[in-house]
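All values derive from a computational prediction rather than experimental measurement. Atoms within each ligand, like the ligands themselves, are counted from 1 in listed order.
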Amino acid sequence: MKSTSSPTLILNKAGKILNVNEAAIQLFNLNLTYIGYLAMDEPSNLKWAKFVKQLQCDLRSEEIFNIRTTGNEFEMLSFKCFYDPHTEEIVAQISTLTDDIAHQLYVSQVHEKSQSFNAYDYLPYAVIVSDASGIILGLNKYAEMFLKVESSQLLHKAHQHIFDSFTLKKGQITTYLSKLMGDKHASIHVVDETQVSSTCYYEISSIFDEYNNIIVTVINDETEKKQLQHKVEHQQALNVVGQMAASIAHEIRNPLTSLKGFTELLKLNADDESRMYLSVIDSELQRMEQILSELLVLSKPTTMKMELLELDHLVKQVVEFMLPDAMMKDIMIQYISTSQQVYIGGNESRLKQVFMNLIKNAMESMHSGGTITVEMITNDCSIAELMIKDEGVGMDSATLQNLFQPFYTTKSKGTGLGLAFVKKVIEEHDGIIAVNSELQKGTSFHLQFPIYTFNQMDTLEVPAKNSAYLVT
Ligand code: ADP
Ligand code: MG
């Protein structure tokens, strides 16, 4: 802002100067230690109030005011103003009237140029061209598609309307515009978490092209790049788990098998009391086995026996299995099934484990009872969607960012392996997993699987993802 060549001010709605650049200090002969109100004549003062009202609606507007400048002289100055509704601040670019008329002429020439030159239309990203004062002159087809607007809705509007379809933090637009005016370029990274399927990432960057006196803004969809980055990070974490798990599994699996064998032997001659203790030992051994098997699935590439599975039937079996446990905790599991029979290609035991993990997490998040809804949706004939929704405590943003990382847990007795296992298995099934959560309201996991037809059955006999079948 300080290095902008044209005089620029940041004002509040009452006309109080909040920030200025060098050029403005010189024009108004301002004393930096005391920055006060704009000194206007009486008619301009009245005009200002009306102007600000209109500016709040349009976000961008121009007007001429009679202002006291250096040497106590009054001068008619043109104010090109942008209003940021978040901070309620006004960024005003000031030009003398002679400058302004020349500028208008220039802008109309650029406008003609940008209308006849449609090369931007062929670029595979959104491009928006504005004049130097921030009036949108044109946008390419991709930008129309991306911002979901007709070009006529944005043409001749203020540059900041580009941001209308994004959720930005307070003050971000003002900072962006100030930086653009000062450094001649600016960029913002936007995270859109409103999409159900996945979080989207965009980079919006503008460059002031001094030669042509225009601002070129480009919107890049960085979602795929970020998703890849997350995948690599996840894979790296899995590799570490892999090395650890391989050695731990070796060490523990064998003694575990002996323990199981001897427990069975002990059961033969046990009295009632001993049987009770032995059944506790049994269930604890099962839990150890399950942790071990989740670790092993995460640890290395595995092969799975893939078969054609009827999803509705599979989910029903899991729900019925979990129901008694849920009832003990005052939790109801309602299953809303689809009337259609939907087949997917998958591994039965692993998918069951996935659904169990998700329902178990849902149960663990509901401390005072409630309902878990498991729903199958098949709007699309190629995708089967399963939703598991709870009325639990929900997740904060730190948990949402890390929940699929191995060993990430917020529970005192958690392993943090459940969801890492779920994610890996879903990906091995060419599926997608997404999550929505609100603190104190609940969480819903959405799983999507490609639907198989009987013609695709042959492909299922081929071992998937070139690896070793693991009995869990
Ligand atoms: P664990 O259950 O052993 O903690 P998971 O990988 O299954 O490990 O889950 C990781 C973390 O994700 C949990 O500790 C919890 O904080 C969070 N989480 C998972 N599912 C839910 C849910 N349905 N509601 C709230 N938090 C959840
Ligand atoms: Mg869990």
Side-chain angles (χ1 to χ4, degrees), residues 193 196 198-199 230-231 233-238 240-242 244-245 248 283-284 286-299 315 318-319 321-323 325-326 328-336 349-375 385-428 431-447 472:
E193 286 171 334
V196 178
S198 66
T199 309
H230 288 160
K231 238 181 177 160
E233 281 165 16
H234 189 72
Q235 196 55 48
Q236 280 168 348
L238 290 184
V240 176
V241 179
M244 278 171 54
I248 293 173
S283 75
E284 291 299 301
Q286 257 174 33
R287 188 171 132 74
M288 281 165 79
E289 265 208 314
Q290 194 204 314
I291 295 172
L292 214 60
S293 67
E294 283 178 352
L295 259 174
L296 277 166
V297 166
L298 290 170
S299 70
V315 178
V318 175
V319 170
F321 178 78
M322 305 290 286
L323 210 51
D325 226 15
M328 301 267 284
K329 293 178 179 151
D330 241 358
I331 294 170
M332 189 56 219
I333 309 180
Q334 70 163 347
Y335 177 47
I336 306 172
S349 76
R350 285 211 195 157
L351 283 176
K352 276 186 177 168
Q353 190 67 51
V354 162
F355 304 146
M356 273 185 217
N357 278 352
L358 291 171
I359 295 177
K360 195 163 160 268
N361 276 346
M363 275 162 49
E364 285 165 355
S365 77
M366 288 162 59
H367 306 308
S368 46
T371 305
I372 296 172
T373 309
V374 180
E375 187 176 359
E385 187 174 335
L386 187 73
M387 183 192 73
I388 295 162
K389 184 167 160 235
D390 64 54
E391 297 172 348
V393 291
M395 290 181 241
D396 56 20
S397 60
T399 308
L400 272 171
Q401 263 172 25
N402 292 301
L403 78 173
F404 292 115
Q405 292 296 337
F407 300 118
Y408 179 84
T409 180
T410 55
K411 300 168 193 166
S412 56
K413 286 190 178 161
T415 60
L417 290 174
L419 288 180
F421 170 86
V422 165
K423 188 164 194 276
K424 178 149 191 230
V425 174
I426 299 284
E427 281 171 2
E428 280 173 346
I432 294 174
I433 179 161
V435 55
N436 269 331
S437 187
E438 206 176 324
L439 276 175
Q440 309 312 332
K441 287 241 166 99
T443 302
S444 57
F445 280 88
H446 301 256
L447 313 181
T472 58

Colleague: Any side-chain donor-acceptor pair under 3.5 Å between Q286 and Q290?
Modeller: no

Colleague: Students should be able to answer this: which protein heavy-atom is nearest to atom 2 (O) of ligand 1, and at what distance?
Modeller: K411 NZ, 2.7 Å

Colleague: Could you find the nearest protein heavy atom to atom 22 (C) of ligand 1 and give me its residue, atom name and distance?
Modeller: D390 OD2, 3.8 Å

Colleague: Using a distance threshold of 2.8 Å, state whether an N, O or S atom of T409 lies below it from the Mg ion (ligand 2).
Modeller: no

Colleague: Which residue in the set T373, V354, V374 passes side-chain contact (heavy atoms from CB on, under 4.5 Å) when paired with I388?
Modeller: V374

Colleague: Quick one: nearest non-hydrogen protein atom to atom 17 (C) of ligand 1, plus distance?
Modeller: T399 CG2, 3.7 Å

Colleague: Of the non-hydrogen atoms in F355 and V318, which two are nearest, and what is the gap between them?
Modeller: CB-CG1, 3.9 Å

Colleague: Taking I372 as the fixed residue, which of E391, M332, M366, K389 is the one that meets the side-chain contact (heavy atoms from CB on, under 4.5 Å) rule?
Modeller: M366

Colleague: Tell me which part of T409 gets within contact of ligand 1: side chain, backbone, both or neither, using heavy atoms under 4.0 Å.
Modeller: both

Colleague: What are the two closest non-hydrogen atoms of L400 and S437, and how far apart are they?
Modeller: CD2-CB, 4.2 Å

Colleague: Please report which non-hydrogen protein atom sits nearest to atom 27 (C) of ligand 1, along with the residue it belongs to and the distance in Å to one decimal place.
Modeller: M395 CE, 3.7 Å

Colleague: May I ask you to check if ligand 1 and N361 share an N or O to N or O distance below 3.5 Å?
Modeller: yes

Colleague: Of the backbone atoms (N, CA, C, O) and the side-chain heavy atoms from C-beta on, which set of L419 has a member under 4.0 Å from an atom of ligand 1: side chain, backbone, both, or neither?
Modeller: both

Colleague: If only side-chain N and O atoms count, and only distance matters, is there a donor-acceptor pair under 3.5 Å linking K411 with N361?
Modeller: yes

Colleague: Could you list the atoms of ligand 1 found under 4.0 angstrom from a heavy atom of G414?
Modeller: 3 (O)

Colleague: Rounded at 0.5 Å granularity, tell me how far CZ in F421 sits from CD1 in I426.
Modeller: 9.5 Å

Colleague: Give the numbers and elements of all ligand 1 atoms closer than 4.0 Å to a heavy atom of G394.
Modeller: 25 (C)

Colleague: Any salt bridge between R350 and E428, counting N to O under 4.0 Å?
Modeller: yes

Colleague: Minimum distance, heavy atoms only, to atom 8 (O) of ligand 1: which one of A362, G416, S365 is it?
Modeller: G416

Colleague: Run the numbers for me: atoms of ligand 1, each under 4.0 Å from some heavy atom of T415, listed by number.
Modeller: 3 (O)

Colleague: Can you confirm whether the side chains of T371 and Q334 place a donor and an acceptor under 3.5 Å from each other?
Modeller: no

Colleague: Which residue owns the protein heavy atom closest to atom 10 (C) of ligand 1, what's the atom, and how far is it?
Modeller: Y408 O, 3.3 Å

Colleague: For atom 16 (O) of ligand 1, which of I372, T410, N357 has the closest heavy atom?
Modeller: T410

